[in-house]
Amino acid sequence: MWLSQALLLLILPGYSIATEITGPTTVNGSEWGSLTVQCAYGSGWETYLKWWCRGADWNGCNTLVKTNGSQQEVKKNRVSIRENQKNRTFTVTMESLKRDDADSYWCGIQRTGIDLGVNVQVTIKPDTQTPVPEWTTATASLAFIPAATQKTSSPLTRSLLSSTHFLFLFLLELPLLLGMLGAVLWVNRPQRRS
């Protein structure tokens with residue numbers, strides 16, 4: 001009976017033996033900053049590809065970056081991975097963090113059958129130091145005013161952008177749409193029989 005339970009544990013998605021792959025349970029980062037996650041693996045896994053995957057569901061997570069078999073850094077978008085086979089570790093770096101980067105991630109080892117993996121929760125703290133851009137009427141253009149120096153100017157709404165799109169819609173898109181509708185109706189009109 002204990003043998004069947006042990007086999008069941010080995011085939012569960014996302015299950016890893018503690019000595020095979022380990023990593024932090026949670027990692028914190030700050031918005032616009034970067035964070036680093038280091039995962040370790042046991043002896044014998046040095047030549048296997050390592051990966052970083054996003055999503056709570058082990059079977060449906062999205063692989064963001066994967067090693068290529070060498071110890072050189074592999075970078076894809078804002079995420080990079082580098083392996084140190086001598087220390088049996090791989091390091092993932094996420095840069096230019098956004099609030100919506102907070103999620104469940106996985107450190108993993110690609111192998112035949114079900115990969116090995118360990119779950120890592122990433123949390124992102126909002127940046128409270130970055131000033132918020134504001135529209136102002138003083139110069140009739142976009143102005144960037146730090147929060148500490150803001151005056152009591154009335155913010156300009158985005159009506160300029162809205163009216164440009166409005167004009168574009170009515171001067172170009174609407175006649176084109178009406179012309180296509182007229183063509184479809186003309187082609188599908190009932191024919192007179194002689």
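- Residue pairs satisfying the salt bridge (charged side-chain N to carboxylate O under 4.0 Å, His left out) criterion with at least one member in residues 61-70, sequence neighbours excluded, are absent.
- The minimum heavy-atom distance between Ser80 and Glu73, with the atom names listed, is OG-OE2, 3.3 Å.
- Using a 4.5 Å cut-off between side-chain heavy atoms of Ile, Leu, Val, Met, Phe, Trp and Tyr, with links allowed through other members, Leu64 and Leu35 fall into the same hydrophobic cluster.
- For the pair Val120 and Pro24, the tightest heavy-atom approach, listed with the atom from each and the gap, is CG2-O, 3.3 Å.
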Chi angles and distances behind the side chain to side chain contact (heavy atoms under 4.5 Å, CB included) call for Cys61, Arg54 | CA-CA 5 Å; Cys61 70; Arg54 179 178 185 174; 5.8 Å; no
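- Taking hydrophobic clusters as Ile, Leu, Val, Met, Phe, Trp and Tyr residues chained together by side-chain heavy-atom distances below 4.5 Å, Val122 shares a cluster with Val79.
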Assess whether side chain to side chain contact (heavy atoms under 4.5 Å, CB included) is satisfied between Val27 and Tyr105, documenting all intermediate values.
-> CA-CA 10 Å; Val27 178; Tyr105 292 82; over 6 Å; no
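- Under a hydrophobic clustering in which Ile, Leu, Val, Met, Phe, Trp and Tyr are joined whenever their side-chain heavy atoms come within less than 4.5 Å, directly or via other members, Tyr48 and Val74 fall into the same cluster.
- Counting only residues at least two apart or in different chains, salt bridge (charged side-chain N to carboxylate O under 4.0 Å, His left out) contacts with residues 74-85 comprise Lys50-Glu83, Lys75-Glu95, Arg78-Asp101.
- Remark: Met94 CE to Ile81 CD1 distance equals 12.0 Å, nearest 0.5 Å.
- Asn68 contributes atom CG, which lies 8.0 Å from atom CG of Leu49 (distance to the nearest 0.5 angstrom).
- A pairwise comparison of heavy atoms in Cys107 and Trp52 identifies SG-CZ3, 3.7 Å as the closest pair.
- Contact record, Ser104 with Asn119: OG-ND2, 2.7 Å, taken as the closest heavy-atom pair.
- Note that CH2 of Trp106 is 11.5 Å distant from CG of Leu116, once rounded to the nearest 0.5 Å.
- The CG atom of Asn62 lies 12.0 Å from the CG atom of Asp57; values are rounded to the nearest 0.5 Å.
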Step by step, would you call Tyr41 with Arg88 a side chain to side chain contact (heavy atoms under 4.5 Å, CB included)?
-> CA-CA 6 Å; Tyr41 53 88; Arg88 293 193 300 269; 3.6 Å; yes
Yes or no on side chain to side chain contact (heavy atoms under 4.5 Å, CB included) for Cys39 and Val92, after CA distance, side-chain angles and deciding distance?
-> CA-CA 8 Å; Cys39 296; Val92 175; over 6 Å; no
Go through the steps for Glu20 and Trp45 under the test side-chain hydrogen bond (donor to acceptor under 3.5 Å, both in side chains), then give the verdict.
-> CA-CA 8 Å; Glu20 299 299 338; Trp45 297 102; 2.2 Å; yes
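- Distance OG/Ser96 to CH2/Trp32: 8.0 Å, rounded to 0.5 Å.
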Give the C-alpha distance, both sets of side-chain angles, the deciding distance and a yes or no for side-chain hydrogen bond (donor to acceptor under 3.5 Å, both in side chains) between Trp51 and Asp115.
-> CA-CA 10 Å; Trp51 47 258; Asp115 293 353; 3.1 Å; yes
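- Judged as a ring pair (Phe, Tyr, Trp, His ring centres under 6.0 Å), and not counting sequence neighbours, Phe90 has no contacts.
- Residues Gln71 and Asn84 are in side-chain contact: their nearest non-hydrogen atoms beyond the backbone lie under 4.5 Å apart.
- Using a distance-only test at 3.5 Å, with no hydrogens or angles considered, no donor-acceptor pair links the side chain of Glu46 to the main chain of Gln85.
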